[in-house]
2 protein chains.
Amino acid sequence: MTKLQSHGREPFEAVDRAPEAQAEGFATVRQAHESEMAEDYVELIAELIETRGEARPVEIAERLGVKPPTVTKNISRLKAAGLVRREPYRAIFLTQAGQDLAEICRRRHRVVVAFLLSLGIDEETAERDAEGIEHHVSQTTLEAFESRLNQK
Amino acid sequence: MTKLQSHGREPFEAVDRAPEAQAEGFATVRQAHESEMAEDYVELIAELIETRGEARPVEIAERLGVKPPTVTKNISRLKAAGLVRREPYRAIFLTQAGQDLAEICRRRHRVVVAFLLSLGIDEETAERDAEGIEHHVSQTTLEAFESRLNQK
DNA sequence: TAGATAAATTAGCCATGTCTAACTTTTTAC
DNA sequence: GTAAAAAGTTAGACATGGCTAATTTATCTA
């Protein structure tokens, strides 16, 4: 395994932060979690519209690995949030706000994946990790990823 | 495959994956979310024991940016999960399992922070982003981070 | 076009993790 | 040693995002 194990000395220093700064960090993570659902959905909806011509709940459910009723419920949340437009039993469309959000998410996703690939990580792992990581990457970090990619 | 932005060209390719692989990725993210609470708590408890001699709910609440009742509830969940040992109104201790988990999490956290710092990201951002990212970094990716750090 | 199949929705359940308000226990300070 | 303050808990509410079972709507096909 790695030298991250329990023997040996610590390779990296622990940073100690002010309690408020730490609390703010955790708050940021909690906020990120709240937007994850929306981001994953609009990203996927945009992808489906592009590759399939339309986005249907059954397909969304399959891609996200959830059951159709979960999709129905979440889509109505997205509708309430003004991100999608849709009539019952019909395909799902993105509003302008939804398209804008999807755009941002897809770009961010690709940058994260490309960055991980540039570290020599295999495609499957890069995709899986990116799925989780992308929601927690600040603009600053995203730019750092990009500039490393560009300078290569 | 897809060109995404209205202006300019796309710097990175979109990877298209099998629906099942994609679903598995999202499932992995959901699972990670389920362990996040536990990881954040044991990590923080270990830190407090080390720097303060003991871990008290009031301090945990302050660091996490949540209210004391939330801590009480979550601590009893951790107790049920066998990660902490504790009597009501007393300080909190980690079981061996809790210590082991804390160890893994703290090391992972430090590697992620160090990695972000190595990209030129400022400390505050590195810490904040790491808080979210660390829970979604696979062993493979963690090793890639480390090897980049070591080769520098 | 009618019946069968597939897709979508509704209703109702559950766990997680947050909160406030009220209460209990412990600690501190006089 | 007791009263006040601080810490911790309990009770009960709420939003999120999963689920199953049952129903309704749409689509396909014979």
Side-chain angles (χ1 to χ4, degrees), chain A residues 19 22-45 48 52-81 83-93 131-132 135, chain B residues 19 22-45 48 52-81 83-93 131-132 135:
Chain A
Q22 203 172 359
E24 235 190 277
F26 284 112
T28 302
V29 175
R30 286 193 298 271
Q31 278 174 260
H33 284 165
E34 289 183 14
S35 22
E36 273 193 47
M37 185 273 286
E39 295 183 355
D40 287 340
Y41 274 72
V42 298
E43 199 173 332
L44 180 52
I45 290 166
L48 288 171
R52 304 293 253 251
E54 61 173 16
R56 287 266 169 200
V58 66
E59 189 100 2
I60 295 171
E62 190 191 348
R63 300 290 191 112
L64 293 177
V66 301
K67 302 294 178 185
T70 300
V71 174
T72 297
K73 191 182 280 190
N74 286 332
I75 291 297
S76 54
R77 283 171 179 156
L78 297 184
K79 190 179 174 181
L83 295 168
V84 308
R85 198 158 28 82
R86 120 110 148 167
E87 299 310 315
Y89 297 98
R90 291 277 127 80
I92 296 149
F93 301 92
E131 209 69 76
H135 302 288
Chain B
Q22 203 172 1
E24 235 190 275
F26 285 111
T28 302
V29 175
R30 286 192 298 272
Q31 277 173 259
H33 285 165
E34 288 183 14
S35 23
E36 272 192 48
M37 186 275 283
E39 295 185 354
D40 287 340
Y41 274 72
V42 299
E43 198 173 334
L44 180 52
I45 290 165
L48 289 171
R52 303 294 253 250
E54 59 174 18
R56 287 267 168 198
V58 66
E59 189 101 3
I60 294 171
E62 191 191 347
R63 301 291 192 110
L64 293 177
V66 300
K67 302 294 176 183
T70 301
V71 174
T72 297
K73 191 181 280 190
N74 286 333
I75 291 297
S76 56
R77 282 171 180 157
L78 297 184
K79 189 179 174 181
L83 295 168
V84 309
R85 198 157 29 82
R86 120 112 148 167
E87 298 310 315
Y89 297 99
R90 290 278 125 80
I92 296 149
F93 301 93
E131 209 69 74
H135 302 288

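Convention: sequence-line order gives letters A, B, ...; per-chain numbering from 1.
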remark   = For B/I75 and B/Y41, the nearest pair of non-hydrogen atoms, with its separation, is CD1-CD2, 3.9 Å
task = For A/R77, answer base if it contacts any base atom (sugar-phosphate contacts may also be present), sugar-phosphate if it contacts only those atoms, and nothing otherwise; contact means non-hydrogen atoms under 4.0 Å.
result = base
query = Given that A/Y89 and A/E34 both sit by DNA chain D, which one's nearest nucleotide is further toward the 5' end?
reply = A/E34
message = Taking 4.0 Å as the cut-off, does a side-chain nitrogen or oxygen of B/R86 come that near to OP1 or OP2 on D/dT9?
response = yes
key: Heavy-atom contact window of chain B on DNA chain C, given 5' to 3' at under 4.0 Å   = C/dT16 to C/dT26
key: Shortest non-hydrogen contact from B/I45 toward B/A55   = CG2-CB, 3.8 Å
Pairwise distance CZ(A/F93) to CZ(A/R86) - rounded to 0.5 angstrom = 10.0 Å
inquiry  = Rounded to whole Å, how long is the line connecting atom CD of A/E87 with atom C1' of D/dT24?
reply    = 17 Å
ask   = Shortest non-hydrogen contact from B/V66 to A/R30?
value = CG1-NH1, 3.6 Å
note = Between the NZ atom in A/K79 and the CD atom in A/E87, the distance rounded to the nearest 0.5 Å is 5.5 Å
task = Can you tell me the distance, in whole Å, between the NZ atom of B/K79 and the P atom of D/dG8?
result = 15 Å
For B/Q31, all residues meeting side-chain hydrogen bond (donor to acceptor under 3.5 Å, both in side chains), sequence neighbours excluded = none
DNA chain D contacts among residues 67-75 of chain A, heavy-atom distance under 4.0 Å = A/K67, A/P69, A/T70, A/K73, A/N74
ask   = Just how far, in rounded Å, is C1' of D/dA7 from CD1 of B/I60?
value = 13 Å
message = Working to the nearest 0.5 angstrom, can you tell me the gap between B/L64 CG and B/N74 CG?
response = 8.5 Å
note = When rounded to the nearest 0.5 Å, the distance separating CD of A/E62 from CD of A/E59 is 5.5 Å
Under-4.0 Å side-chain N/O to phosphate OP1/OP2 contact, B/R56 with D/dG8 = yes
ask   = Taking for each residue the nucleotide of DNA chain D with the nearest heavy atom, is it A/P88 or A/M37 whose nucleotide lies nearer the 5' end?
value = A/M37
message = In this structure, how many angstroms lie between the P atom of D/dA7 and the CD1 atom of B/I92, rounded?
response = 14 Å
Rounded distance (nearest 0.5 Å) linking atom CD1 of A/I92 with atom CG of A/L78 = 8.5 Å
